[in-house]
Every structure is written in structure tokens, then in C-alpha cells.
Amino acid sequence: PLASSEWNTLMRSIIALQQHLRDGKYFYHAQVSDIFSNGIFKGILSEDEKCIVAAVMAQAKAYIPITDLAKGESLRVLFRPVLTDISLPSADQIRSFAEYLVEVVETIAGKLDREKDALQLECAYRYLQCIRRLAGISLPVLPRSFIRLLEQLVSRLSVPFSGEPLEGLQVMGPLETRALDFKHLV
């Protein structure tokens, strides 16, 4: 299920980051540290960005200013304020939030290795489809409602595994194995 993937965990942290923005220029440390500890996010950072991340974490501030975070390419895309008023139902605000999420997904997915991170890229593609599907509707709703709708779409999707059945190792359930006649069956 896409909802159980590491990709969804990263995107939920990014969405929570925008929801807990304070005074339009401070991010709460809990969401920032969740993003920094995510394996996908760690894998796309350059050496300079890793130094910035280490410096921010060493300061141990409760609210981290945007100026401390927006210093590298990936960090600049991710750590910028998008939701201006979470209590206001606005189609424009939802459109800009959806564009932000699309840009974040494309930036992170663009830095992943095609061979090594094939599953994560497939998760990113499916997540991007959900965002675009919702953004196409353009409803004047609260950001919280948009996020709930996005989570419902994501919860219904799964990323299929595909491959050649005659190559490599096959994992089967007990019912599939009862008619097999091989020398080596574990």
C-alpha cells in the first residue's frame, strides 16, 4: 500500500510542516527533524546541504527560521511558506499548495537513482497522480480538507511489484506451492 510507504511518511511530514508554520517564517522542530531523519530525504542531499542540516539540528531550536533552512537547492524548494492562512477556504491557496507539493515530489524524485530507487520512484509517480487529480478539481476548501482528501486517495492505492516470473527468486504462499515438483524448494 502507498499509505505504508516511506514516501508517504516523507510527504505527510512535509504537509505537517506547512500546517504548523508559525508567523509565516518559522517551522516547528518536530516536522523538520522528521523530514531530516527520513531515508529518502537523506539520500538526495548534497554534502553542503548535509552540513546545513547538521548545523540546524545542533542548534536545537524549537522554531527554526526559514533563513536557516533555505540555503541549498533541495532545502530551498522544501522549506518555504505556502499555506498563508489554514483557517481560510481558498481555491487559490489550495492551488498554490498543490503546485508546491508537485514541485517537491518532482524535485525529490528527480534526484533518486532509477535503478536503486525504482520502488520509491513508482511511489512518487502514484503520489503525484493523486495530487494532480485533486488539484484539477479546484475546490475552495480548507487546506485541512484538501489534505484529508489527498490522504483518502493515497490510502486506496497500492504500488504493484512487477518482474519476470522465470527469473530470480520467487516468493509464494503455501497454496501456490502444493503443485510444484522441484529439487530445491525452501
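Because the structure is predicted, anything quoted here is derived from the model rather than measured. Only heavy atoms go into these numbers, but all of them, side chains included; no hydrogens, no water, no symmetry mates.
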* Should the pair Asp34-Arg12 be classified as a salt bridge under the 4.0 Å nitrogen-to-oxygen rule? -> no
* Asked: Any sub-3.5 Å donor-acceptor pair from Glu122's side-chain atoms to Val159's backbone N or O?
  -> no
* **Separation between SG of Cys130 and CG of Leu2, rounded to the nearest 0.5 Å** => 6.5 Å
* To do: Could you walk me through whether Glu99 and Val102 pass the side chain to side chain contact (heavy atoms under 4.5 Å, CB included) test, one step at a time?
  => CA-CA 5 Å; Glu99 289 170 1; Val102 166; 5.7 Å; no
* Where is the tightest heavy-atom contact between Leu75 and Glu49, given as atom of each residue plus distance? -> N-OE2, 3.7 Å
* Any donor-acceptor N/O pair, Gln18 side chain to Pro81 backbone, under 3.5 Å -> no
* Do Ile15 and Leu101 come within less than 4.5 Å of each other through their side chains, counting heavy atoms only? -> yes
* Hey, are the side chains of Val141 and Pro89 touching, using non-hydrogen atoms and a 4.5 Å cut-off? -> no
* Has Glu73 got more than 12 heavy atoms of other residues, nucleotides or ligands less than 6.0 Å from its CD? -> no
* To do: Using a 4.5 Å cut-off on heavy atoms from C-beta on, say whether the side chain of Gln19 contacts that of Pro143.
  => no
* Cluster link Leu119 to Tyr127, ILVMFWY, side chain under 4.5 Å -> yes
* Verify, without hydrogens or angle tests, whether Gln31 (side chain) and Ser13 (backbone) share a donor-acceptor contact under 3.5 angstrom. => no
* Asked: Shortest non-hydrogen contact from Lys61 to Ile64?
  -> O-CG1, 4.1 Å
* Asked: What's the spacing between Asp68 CG and Gln59 CD if we round to 0.5 Å?
  -> 5.0 Å
* Flag if over 12 foreign heavy atoms under 6.0 Å of CD, Glu115 -> no
* Asked: Would you say Ile94 and Leu88 are hydrophobically clustered, going by side-chain heavy atoms of ILVMFWY under 4.5 Å?
  -> no
* Asked: Do you see a donor-acceptor pair shorter than 3.5 Å between the side chains of Asp48 and Ser46?
  -> no
* Once you round to the nearest 0.5 Å, how far does CD1 of Ile147 lie from CE of Met11? -> 10.5 Å
* Got Phe41 and Leu78 here, is their nearest side-chain heavy-atom distance under 4.5 Å? -> yes
* **Ion pair check, Glu103 and Arg80, cut-off under 4.0 Å** => yes
* Can you check whether Phe36 and Phe79 have ring centres sitting under 6.0 Å from each other? -> yes
* Asked: Leu121 and Ala109: which non-hydrogen atoms are nearest, and at how many Å?
  -> CD2-O, 3.3 Å
* Can Leu21 be reached from Leu142 by stepping across I, L, V, M, F, W or Y side chains whose heavy atoms are under 4.5 Å apart? -> no
* Mind checking the CD1-CD1 spacing from Ile44 to Ile108? Nearest 0.5 Å is all I need. => 4.5 Å
* To do: Is it possible for you to say whether Ile137 and Ile131 belong to one hydrophobic cluster, with membership spreading through side-chain heavy-atom contacts below 4.5 Å?
  => yes
* Asked: Is any side-chain heavy atom of Ile14 closer than 4.5 Å to a side-chain heavy atom of Thr9?
  -> no
* To do: Would you check, one step at a time, whether the test side chain to side chain contact (heavy atoms under 4.5 Å, CB included) holds for Phe27 with Arg22?
  => CA-CA 6 Å; Phe27 291 116; Arg22 185 174 188 182; over 6 Å; no
* Asked: Is there side-chain contact between Asn8 and Cys123, with heavy atoms separated by less than 4.5 Å?
  -> no
* Is there a side-chain contact between Lys25 and Pro65, using heavy atoms and a 4.5 Å cut-off? -> no
* Does the pair Asn38 and Trp7 meet the rule for a side chain to side chain contact (heavy atoms under 4.5 Å, CB included), with working shown? -> CA-CA 9 Å; Asn38 187 281; Trp7 185 267; over 6 Å; no
* To do: Determine the minimum heavy-atom distance between His20 and Ala16, stating which atoms define it.
  => ND1-O, 2.8 Å
* How many angstroms lie between atom CZ of Arg133 and atom CG of Leu150, to the nearest 0.5 angstrom? -> 10.5 Å
* Asked: Looking at residues at least two apart in the chain, or sitting in another chain, which of them share a ring-ring contact (aromatic ring centres under 6.0 Å, His included) with Phe97?
  -> Phe146
* Would you indicate whether the side-chain heavy atoms of Glu6 and Gln120 approach each other to under 4.5 Å? => yes
* **Candidate pair Arg76 and Lys71, rule side chain to side chain contact (heavy atoms under 4.5 Å, CB included), full reasoning** => CA-CA 6 Å; Arg76 195 174 303 116; Lys71 295 180 180 173; 5.7 Å; no
* Asked: Out of curiosity, Arg148 CZ to Leu153 CG, how far, rounded to the nearest 0.5 Å?
  -> 14.5 Å
* Kindly give the cluster partners of Tyr63, where membership spreads through any ILVMFWY side chain lying under 4.5 Å from a current member. => Tyr26, Tyr28
